[in-house]
Amino acid sequence: KALASLNIELTIEEYKTVAGHSSKKIIELLQDMKNLAIPEDAICLRREEYRKLQQQGVAPIKEMVEFVHYLSQNKDDWGLKLGLASSASINEILFNLKQIGLDRVFDLIISGTDDLNDNKDSEGKNKPKPYIYLEASKRLNVPPESCLVFEDTEAGVEAALKAGMVTIAGPNWMTKKQNFC
């Protein structure tokens, strides 16, 4: 919808190939894919469209919500710490977690948008860069090699592997055709 308002056509199949990256990276990838210039205004338009959709409700992945509740209920007995690392803003993360009943189960919730301000990388700090996972590992006081990451995007898997963490890819309907090798 954001690109359509700029008279740029984007199919769901085209979007699936870039899903999971930061908005800035998505614009770069789409510019290369479509061989055209996309104004940075598209990022603001995308955020506005996302907020509208978010207000309508987040569709939970029932099995994942149940799995996280199961881990949360048993984490003390098993000596686990649960962290959530997302490139989204902390407000978006908390809003979505509240809607699906997972707002009080994590030991750490970290946002690539809000919590990596000390990181200086001219190419960006969000996934597929490992920074968010390394910061989560540090804050949870768990060595990276002792962390198990569940990811649903190619960029997320790449970031977790670069951080030296054991990674399980569980693609969703949007990312199932991405390259997880």
Side-chain angles (χ1 to χ4, degrees), residues 1-2 12 15-16 18-23 25-26 43-117 125-144 146-161 163 165-178 180:
K1 285 184 177 183
I12 193 72
Y15 180 72
K16 285 178 181 180
V18 298
H21 289 276
S22 70
S23 295
K25 183 66 174 179
I26 287 172
I43 294 172
C44 293
L45 294 169
R46 187 213 64 79
R47 285 188 187 126
E48 289 172 23
E49 289 298 329
Y50 179 79
R51 280 189 202 103
K52 290 177 193 173
L53 291 171
Q54 192 181 35
Q55 295 300 318
Q56 295 172 19
V58 175
I61 301 170
K62 181 182 171 208
E63 296 82 4
M64 186 54 86
V65 172
E66 290 172 354
F67 180 60
V68 172
H69 277 295
Y70 177 73
L71 291 175
S72 177
Q73 291 164 359
N74 293 288
K75 69 181 180 177
D76 293 335
D77 292 339
W78 297 341
L80 299 177
K81 293 180 183 175
L82 296 180
L84 185 139
S86 172
S87 299
S89 73
I90 195 68
N91 290 335
E92 284 181 27
I93 297 167
L94 294 175
F95 186 89
N96 292 342
L97 288 175
K98 187 170 181 123
Q99 285 191 38
I100 62 174
L102 292 178
D103 52 321
R104 297 191 176 163
V105 298
F106 294 97
D107 298 299
L108 172 71
I109 298 171
I110 185 170
S111 160
T113 301
D114 300 314
D115 294 319
L116 297 178
N117 295 327
K125 55 189 175 185
N126 281 322
K127 302 170 188 176
K129 302 288 179 121
Y131 306 129
I132 194 164
Y133 286 120
L134 294 171
E135 184 65 22
S137 167
K138 178 178 150 187
R139 290 185 187 192
L140 288 169
N141 197 28
V142 176
S146 296
C147 293
L148 174 62
V149 174
F150 293 91
E151 258 297 347
D152 65 346
T153 68
E154 178 183 359
V157 167
E158 185 179 338
L161 291 173
M165 299 177 176
V166 176
T167 308
I168 296 175
N172 61 47
W173 70 273
M174 179 75 77
T175 62
K176 65 183 176 185
K177 291 185 179 178
Q178 290 183 356
F180 287 92

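As the structure is a prediction and not an experimental result, all values here were calculated from the model. Quick note: numbers below take in every heavy atom, side chains included, and nothing from hydrogens, waters or symmetry partners.
For residues 90-100, the side-chain hydrogen bond (donor to acceptor under 3.5 Å, both in side chains) pairs, not counting sequence neighbours, are Y50-N96, Q54-N96. Residue pairs meeting the side-chain hydrogen bond (donor to acceptor under 3.5 Å, both in side chains) criterion with at least one partner in residues 75-87, sequence neighbours excluded, are K75-D107.
Taking the side chain as every heavy atom from C-beta outward, L80 and N74 never approach each other to under 4.5 Å. Counting heavy atoms from C-beta outward, L97 and L84 have side chains that approach closer than 4.5 Å.
Taking CE from M64 and CD from E66, the interatomic distance works out to 11.5 Å, rounded to the nearest 0.5 Å. The structure places CG of L134 at 12.0 Å from NZ of K129, a figure rounded to the nearest 0.5 Å. Expressed to the nearest 0.5 Å, how far CG of L140 lies from CD of E135 amounts to 10.0 Å. Rounding to the nearest 0.5 Å places NZ of K138 at 9.5 Å from CD1 of I110.
Between C147 and V142, the shortest heavy-atom distance links the atoms SG-CG1, 3.7 Å. Between G112 and K125, the shortest heavy-atom distance links the atoms O-CE, 3.5 Å. Of all heavy-atom pairs between S111 and I90, the closest is OG-N, 3.5 Å. Across all their heavy atoms, I109 and L94 have their closest contact at CD1-CD2, 3.8 Å. When all heavy atoms are compared, the tightest approach of I93 to A88 is CD1-O, 3.6 Å. Taking all atoms of both residues into account, the shortest heavy-atom contact from A163 to P144 is O-CB, 3.2 Å.
Between K127 and the choices E151, E154, E158, the salt bridge (Lys or Arg N to Asp or Glu O under 4.0 Å) rule is met once, by E151.
Heavy-atom contacts from other residues, nucleotides or ligands closer than 6.0 Å to CG of N141 number 12 or fewer.
A salt bridge between E49 and K52 is present, with a side-chain N of the basic residue lying under 4.0 Å from a carboxylate O of the acidic one.
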Side chain to side chain contact (heavy atoms under 4.5 Å, CB included), that's the test. Do V105 and Q73 meet it? Break it down for me. CA-CA 9 Å; V105 298; Q73 291 164 359; over 6 Å; no

